[in-house]
2 protein chains.
Amino acid sequence: MFTQSEENYLKAIFHLQQDVDGGVSTSSISELLQTKAASVTEMVKKLADKKLVHYQKYYGVHLTESGRAHALTIVRKHRLWECFLVDRLNFNWDEVHEVAEQLEHIKSAKLVEELDKFLEHPLYDPHGDPIPDADGNLPKRFKKKLSELKTGEQGVCKGFKDDSSAFLKFLAKQDIGLGTAIKVLNIEAFDESVTALADQKEISLSKTATNNIYVGN
Amino acid sequence: MFTQSEENYLKAIFHLQQDVDGGVSTSSISELLQTKAASVTEMVKKLADKKLVHYQKYYGVHLTESGRAHALTIVRKHRLWECFLVDRLNFNWDEVHEVAEQLEHIKSAKLVEELDKFLEHPLYDPHGDPIPDADGNLPKRFKKKLSELKTGEQGVCKGFKDDSSAFLKFLAKQDIGLGTAIKVLNIEAFDESVTALADQKEISLSKTATNNIYVGN
DNA sequence: ATAAAGTTTTAGTTTTACCTAAACTTTTAA
DNA sequence: TTAAAAGTTTAGGTAAAACTAAAACTTTAT
């Protein structure tokens, strides 16, 4: 159906679309995928020919219904495989990304649905990212950031904006994971760094860190 | 490391090597992989450059130690994934091949070893084919064919020479699977077809069929 | 209004994996 | 034992995918 490269572009556009209201720019795609802008333009035209994106010269792209649907199946596969790797194969949450990047391109509808069943229809992956269902519906994402809590408030860690291995390793070192309860003890006035209580332990987090942690109840 | 195509050639050579004593011929590879002989010659030279095969013009190839080792890792992955698909994801044994052909190319040493552990170190895949261990040791294969049994003798089905979907579907229809006890009731003199008792049921099998069924005790 | 920033076009390159047809080698069997 | 048949290799391509540098163009920001 689609090449691996086409699928990677679709996924990139899908992710970039969430942070922008207009079209997704050529340069943002080229930065994310580490290619040159000219390569992106070429691929984007190919995707437009296949009706996967709407493309207006100089104004970026956005996914069509069909493009979004396909992007969601890739995201679904990626996140389901991450669950499998962490929950069943003892991978750490910071080791799964590269493997899931390969597994997400395996083509078999039955495989995805049986895997989903086997994992008992998880709603969130090990990083707290929502898993689309077979029809492309995304569970609600927790949008409140730890940095939005006031002194004395508390929240339960529900996900992360930055899923990089570096950030995840940092969190592991502070014993912060999905489900960890975090109470804000103090917010430093000058740099907005936070002193917090996470599972009995007092820790200190920069604004950069608190901006990348989503909380709920 | 290696491309998917290179891995497919290695695997093909590995399988063909088991049925021949000399080198594996260009034409047998081209027939198995559905390509032209000229393409095979080209790839074989590439593999020889990489020291994966020994190649003598006009006399075929055979795997080097390194080539065999790599072929075995692919076979290991293929068969482990088949176990996973059948034992954990409810695939039928005749549906797993194409998916396993994709999964066998996923590159992650940790994934293979964790999958093996998760499956509790299976020795044989769902078709009775032996699974190489992490060091490339193959469990013994059952070599006795059902066609070698005499009237009145009985054996337990241990594997199949022909793993094609067509043959596996045929077997399923006769209720023959791994572990099925089969007793030879009669061997027809003129075409060597066999009447047998398989799990209480009387069935009739052609010579072609009995030649493709391995039995043990 | 113009310079800077971003985008597209042009005109390639590289890699991988094919193919056909002609030339060559080995095998077979008369 | 030799010629034809069968199999293999070489030569000379093709095609697709993905990339690139540099020039031309469009938008935007001052």
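So that the names make sense, note that chain A is the first sequence line, chain B the second, and so on, each numbered from 1.
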**Prompt:** Which angle, rounded to 10°, do you find between the first-five-pair axis and the last-five-pair axis of the helix from C:dA1-D:dT30 to C:dA30-D:dT1?
**Reply:**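 So the angle between the two local helix axes works out to 0°.
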
**Value in whole Å for how far the P atom of C:dC18 lies from NZ of B:K45** = 16 Å

**Complete:** Nucleotide by nucleotide, nucleotides 14-30 of chain D touches protein heavy atoms under 4.0 Å in the pattern (B base, S sugar-phosphate only, - none) ----BBBB---BSS---

Residues in ring pair (Phe, Tyr, Trp, His ring centres under 6.0 Å) contact with [X], at least two apart in sequence or another chain:
X      : answer
B:H70  : B:F2
B:H54  : B:H62
B:H127 : none
A:F160 : A:W93

**Message:** Contact list please: residues 10-17 of chain B against DNA chain D, heavy atoms, distance less than 4.0 Å, in numerical order.
**Reply:** none

**Message:** Heavy atoms within less than 4.0 Å of DNA chain D: which residues of residues 25-32 of chain B have one? Give them sorted by number.
**Reply:** B:S25, B:T26, B:S27

**Message:** Can you pull out every ring pair (Phe, Tyr, Trp, His ring centres under 6.0 Å) where at least one residue sits in residues 5-37 of chain B? Sequence neighbours excluded, please.
**Reply:**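 Qualifying pairs, neighbours excluded: none.
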
**Request:** Indicate whether the side chain of B:D133 and that of B:H121 have a donor and an acceptor atom separated by less than 3.5 Å.
**Result:** no

**Request:** Output all residues satisfying side chain to side chain donor-acceptor pair (under 3.5 Å) with A:K51, sequence neighbours left out; order by chain, then residue number.
**Result:**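 By the side chain to side chain donor-acceptor pair (under 3.5 Å) rule, A:K51 matches no residue at all.
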
Enumerate donor-acceptor pairs with a distance under 3.5 Å from any side-chain N or O in residues 30-47 of chain B to protein atoms, sequence neighbours excluded.
unit_1: B:S30; atom_1: OG; unit_2: B:S27; atom_2: O; d: 3.1
unit_1: B:T41; atom_1: OG1; unit_2: B:A37; atom_2: O; d: 3.2

**Sequence neighbours excluded - salt bridge (Lys or Arg N to Asp or Glu O under 4.0 Å) pairs with any residue from residues 84-107 of chain B** = A:K110-B:E95, B:E7-B:K107, B:K11-B:E101, B:K11-B:E104, B:D94-B:K169

**Item:** Side chain to side chain, B:Q17 and B:V61, heavy atoms closer than 4.5 Å
**Value:**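 No, every pair of side-chain atoms sits at 4.5 Å or beyond.
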
